[in-house]
Amino acid sequence: MEDTLILAIESSCDETAASVVKNGRTILSNVISSQIELHKLYGGVVPEIASRKHIEKVNQVIEEALKEADVTLDDLDAIGVTYGPGLVGALLVGVAEAKAIAYAKKLPLVGVHHIEGHVSANYIEHPDLEPPFLCLIVSGGHTHLVIVKDYGEFEILGRTRDDAAGEAFDKVARAIGLGYPGGPKIDKLSKEGNPNAIVFPKAKIGDCLYDFSFSGVKSAVLNYLNQAQMKGEDVNRADLAASFQKAVVDVLVEHTMQAAKDYHMDKVAIAGGVASNGTLRAAMEEACQKHGYKFYRPSPIFCTDNAAMIGVAAYYEFKKGTRHGWDLNAVPNLRLGER
């Protein structure tokens with residue numbers, strides 16, 4: 001069987017990334033240009049600035065990815081690109097670039113769902129992992145609990161009703177003066193604190209066992225800070241961060257274990273930016289060991305936004321016969337499972 005080489009492009013938020021992927025599992029290159037330092041000045045991602053930076057960087061990143069993989073555009077079999085969800089201006093840069101290369105080189109164009117890419121990151125380092133399996137997807141904009149029935153085929157069991165887990169991390173980090181990006185900073189600070197110092201609420205959704213809600217715990221943290229300020233009391237930020245993180249992680253793990261039991265899944269994976277959180281990874285591994293489930297997680301570099309995961313997802317879409325035309329557009333609110 002001949003090798004299939006795919007050039008993948010990712011530009012959905014504040015990382016400009018390109019990767020060359022062989023046969024869906026072998027990463028020949030994975031180049032990421034991050035804008036974190038730029039957006040730190042503003043306390044979060046500024047969409048207009050992100051779009052402009054993508055335009056500046058996208059050609060350089062692609063050239064570097066091809067060079068690192070030791071291939072040329074003539075060696076490729078297809079171009080994969082994230083077309084949603086994400087920031088519309090940022091997505092458009094990647095989509096336009098992918099269409100231009102595909103048109104110039106007469107290559108098939110494969111649009112990829114960003115969240116499906118995150119799930120596919122698990123295939124990179126786990127050659128034994130095949131669907132079906134249960135996957136918890138946790139990122140800045142999404143919290144989903146899904147059964148991966150086949151490559152690119154999902155059954156959504158639960159989703160967040162309000163804030164995503166990563167969004168809650170960012171808002172709490174801002175409230176306690178940690179700045180952006182919030183998730184990694186809370187994870188780091190919480191190592192110095194006592195996770196049982198403060199008991200924060202863990203929301204249960206009555207009509208759906210597997211749905212999530214994180215606005216309540218976020219509000220509880222803000223109320224705690226306001227009350228301390230009014231009373232003139234000092235706040236132990238490390239204890240606060242650790243206790244907040246525990247409340248979020250406990251809910252994520254409990255829902256996942258419940259779903260694995262109810263749906264008789266013996267393989268459990270995590271995906272998305274928050275999947276790089278050390279406390280979540282350790283808690284999920286411990287829970288899976290306790291229940292006898294096999295646990296899969298990508299390395300942190302493949303949890304945050306990257307093009308390698310997009311190349312993996314694009315490969316399986318390409319093999320299924322998915323092809324997009326020159327009318328492929330950015331879809332900022334693309335839902336999981338939508339095409």
Let me have the donor-acceptor pairs involving side chains of residues 323-336, under 3.5 Å, with sequence neighbours excluded, atom names and distances please.
| residue | atom | partner | partner atom | Å |
| --- | --- | --- | --- | --- |
| R323 | NH1 | F318 | O | 3.0 |
| H324 | ND1 | G111 | N | 2.9 |

Pair Y42 and Y180, ring centroids less than 6.0 Å apart: no
Heavy-atom neighbours of E233 CD exceed 12 at 6.0 Å: yes
V248 side chain near F200 side chain, heavy-atom distance below 4.5 Å: no
Stepwise ring pair (Phe, Tyr, Trp, His ring centres under 6.0 Å) check, Y151 with Y315: CA-CA 10 Å; Y151 294 107; Y315 170 80; 8.6 Å; no
Flag side-chain contact, heavy atom, 4.5 Å: I176 against V235: no
Any side-chain heavy-atom pair of E317 and E116 under 4.5 Å: yes
Heavy-atom side-chain contact between H39 and V46 under 4.5 Å: yes
Exam field: side chain D187 to backbone N277, donor-acceptor pair closer than 3.5 Å: no
Q35 (side chain) donor-acceptor with A50 (main chain) under 3.5 angstrom: yes
Audit row: I27, S19, side chain to side chain contact (heavy atoms under 4.5 Å, CB included) steps and yes/no: CA-CA 7 Å; I27 309 305; S19 173; 3.9 Å; yes
Other residues, nucleotides, ligands: >12 heavy atoms within 6.0 Å of L38 CG: yes
Min side-chain heavy-atom separation I156-H144 under 4.5 Å: yes
Flag, side chain of E10 to backbone of S12, donor-acceptor distance under 3.5 Å: yes
Sub-4.5 Å side-chain heavy-atom contact between S33 and E64: no
Backbone of K267 reached by a side-chain donor or acceptor of K294 within 3.5 Å: no
Heavy-atom donor-acceptor pair, N59 side chain to I62 backbone, under 3.5 Å: no
Enclosure of R237 CZ (heavy-atom neighbours >12, cutoff 6.0 Å): yes
N23 side-chain N/O to T4 backbone N/O, donor-acceptor pair under 3.5 Å: yes
4.5 Å side-chain heavy-atom contact, K105 and D74: yes
Verdict with reasoning, E254 to K202, per salt bridge (Lys or Arg N to Asp or Glu O under 4.0 Å): CA-CA 11 Å; E254 284 165 15; K202 293 186 270 187; 3.7 Å; yes
Other residues, nucleotides, ligands: >12 heavy atoms within 6.0 Å of K261 NZ: no
More than 12 heavy atoms of other groups within 6.0 Å of E286 CD: no
Verdict with supporting geometry, Y263 and I147, side chain to side chain contact (heavy atoms under 4.5 Å, CB included): CA-CA 9 Å; Y263 285 84; I147 293 175; 3.6 Å; yes
CG/D128: more than 12 non-hydrogen atoms of other groups inside 6.0 Å: yes
Contact summary for L189 and A241, nearest pair of heavy atoms: CD2-CB, 4.0 Å
Qualifying residue, where the test is side-chain hydrogen bond (donor to acceptor under 3.5 Å, both in side chains) with T16 and the options are E56, E97, H54, K57: H54
Close side-chain approach of I115 to F154, heavy-atom, < 4.5 Å: no
Near-ring test F212/H255, centroid separation under 6.0 angstrom: yes
Aromatic contact, F169 with F214 (centres under 6.0 Å): no
Within 6.0 Å of NZ in K320, more than 12 heavy atoms from elsewhere: yes
